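This structure is a prediction, so every number in the text was calculated from the model and none was measured. Just so we're on the same page: letters track the sequence lines, and every chain starts at 1.
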Amino acid sequence: MSREREAVNSWLIKNASVLGRRNADIAITDGVITAVGEGLDAPEGAEILDASGLVALPGLVDLHTHLREPGREDAETVESGSRAAALGGYTAVCAMANTSPVADTAGVVEQVWRLGRDAGLVDVQPIGAVTVGLAGEQMAELGAMADSAAKVRIFSDDGFCVADPKMMRRALEYVKAFGGVIAQHAEEPRLTGGAQMHEGEYSARLGLAGWPAVAEEAIIARDCLLTGHVDSRLHVCHVSTAGSVEILRWAKSKGWRVTAEVCPHHLLLTDERAATYDPVNKVNPPLRTDADIEALRAGLAEGVIDAVATDHAPHAAEDKECEWAAARPGMLGLQTALSIVVKTMVEPGLLDWDGVAERMSRTPARIAGLEGHGLDPAPGVPANLTLIDPNASWTVVPNELASLSRNTPYSAMTFPATVRATFLRGEATVLDGKATK
Amino acid sequence: MITHLLSAADLDRDTATLLLDTARQLGAALSGREVKKLPTLRGRTVVNLFYEDSTRTRVSFEAAAKRLSADVVNFSAKGSSVSKGESLKDTAWTLQAMGADAVVIRHPASGAAHRLAQWVDGHVLNAGDGTHEHPTQALLDAYTMRERMGRLEGLRVAIVGDVLHSRVARSNVLLLNTLGAEVTLVAPPTLLPVGVESWPAGVEYDFDAVLPKTDVVMMLRVQRERMTDSFFPSVREYSRRYGLDVRRAGLLPDDALVMHPGPMVRGMEIAPEVADSPRSAIVEQVANGVLVRMAALYLLLSGEKGAGE
């Protein structure tokens, strides 16, 4: 802690496969990319990193991260979550508002923003709550959060749906004044009372109350219509059903400003996972069916779904080592997201590396309004980069993850692609696959 | 033999038949005895871990264990589950430390018995978990049908009522299908789960149409909370459409059997005249419950060290 090594912000990254397209060196001086090309000379004082065989992408950007601080520092802190993010190839994460206290005031969002700066591993962009206490009854001071040091642009009651159509309409209208976007957790609560898992064959057999696909789709349809009506911006969180993809395709065809994200677990795992009753597989929205997975992958490839977001949701052991119904929903995601996208999208040929950059960096950065992120390596661009070994594979060991929590459903699973290095404004936050701080 | 009895799906046809045959043998061994006790499980400890009030099931398991000479510990944990008090995992470790050979668990959460089985070394018997399963109820129902009708193969069984929330229905569908019976579920569509079409059972909405083609009709209890949550318009309408009244009972074949897992709501899902009629097996179901639970405990716990000496 006291013996901090001097940060090196100048690098020559040699022979990287830039966006998986062409091999080039990347020269970084004082945190900014100065040149991309073959046979570059090292900038003065630069460290040299041989990136042969590694793919260089713009640093990944997560639109949906639960960092749990303030309030549940036993499950995750801004620092531990930032470390997990950096190890996953991220240079920026958007921190969800459902902390305790809720991030529904300028004070709380500034606190989270400062904690992120202090940790210095990724840029932590707070998301503000739409309504006071996520209660859905009174609009939070969205303008104050927008004007704060945290410069909040995404507002979400995630964990809860802004279910009242009037509140949703007002929120969509109100944020137009400062270029904001409402990120909706689409779940009609009147259709999901007590819901535990996807409603279908498995819920029927397991005797767990069902969470029907229509509860998500009905809200997405409503909110797309509202967004079109008031000409605002809607972002749909964690899209999980085939029907949602169809509705989004239709809404986009109208020219409405609607974006959407999908989580890695919804691209890979199905509701069959609930049969063990191990709540490590409990998540909201729930794991769904093979047909949904297929539609989500296709939607992500096509661009109907704009981005991959982790919904990284750490939970303390006691909130998962219990009965399914008593467990909290959510799973870790930051360190596994890229590998799952490679497994589910790149390996089947649905996305190439440039497509990965588009869905995991450029587009989410644009949705979040994060300047300096999501930019392809080029002279003058802040050096926010990640280097990936596409040929390596790794096996998930929960205790080895950087998160303070262990609730990963991927324990003992082997995935392709490892993150070898991550740079935040030229500073290596990850080197040789290890966090530098 | 299987290690745990968590689901009726754990039982293949041979194992289920062995269980029913064993129950019968145990019944024969006990009948005529002055002391209704067998020494089979002497020195073994069976814990009844009940997170829900269920005097009926607890007493049945307790009697079963005691008739096999096991030591029985009743651990009433009602109210200590889920939101407050000791976690199920900590309770599991406590029971483990006490040296429980078998744990009989009743719990309001589906899957609780599965979770417990992941945390204790002893045998776990599911005595009802949420809206999931109640396998010993299915065994006693199958036993009762076999005793009364002489067979299970090809028997046409209608299960009527709140299938959606019924652990009895889930276990019965699985076990009866394993044993060769043909199950038809009869309920308003609101009380059938989405996904029921994947079950090995037929589905009918019209009770009257099913009755003439039924050998056994099993009525399920409709719990009070369903009556206020828009599953059906009113108690009277439910009763008119899905209650087994005297007129409906008359549509059954002469030798058909009427069953109910209890506790009954007389006048709602079943008329008192039908429940108390000679074709009703409701009282036998209770008596048979002790026998099949003895058989389950015996088969799970015997064949190990110290057993059956």
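Side-chain polar atoms of B/T15 and B/D12 form a donor-acceptor pair below 3.5 angstrom. Looking at A/D292 and A/H198, their side chains never bring a donor and an acceptor atom within 3.5 Å of each other. In this structure, a donor-acceptor pair under 3.5 Å is absent between the side chains of A/H312 and A/Q335. Side-chain contact check for A/N284 and A/W211: at least one donor-acceptor pair (N or O, by modelled atom type) lies under 3.5 Å. Defined by atom type and a distance below 3.5 Å, a donor-acceptor pair is present between the side-chain atoms of A/T241 and A/S244.
The residue among B/A92, B/S7, B/S110 with the most heavy atom pairs within less than 4.5 Å of chain A is B/S110. Annotation: maximal heavy-atom pairing with chain A below 4.5 Å, among B/V194, B/V173, B/V196, B/L88, occurs at B/V194. Taking chain B as the reference chain and counting heavy-atom pairs below 4.5 Å, the highest number among A/Q196, A/R205, A/E318 is found for A/R205. Most heavy-atom pairs under 4.5 Å with chain A: of the set B/A112, B/P193, B/S198, this distinction falls to B/S198.
Contacts of B/Q118 with chain A are made by side-chain atoms alone, with heavy-atom separations under 4.5 Å and no backbone atom involved.
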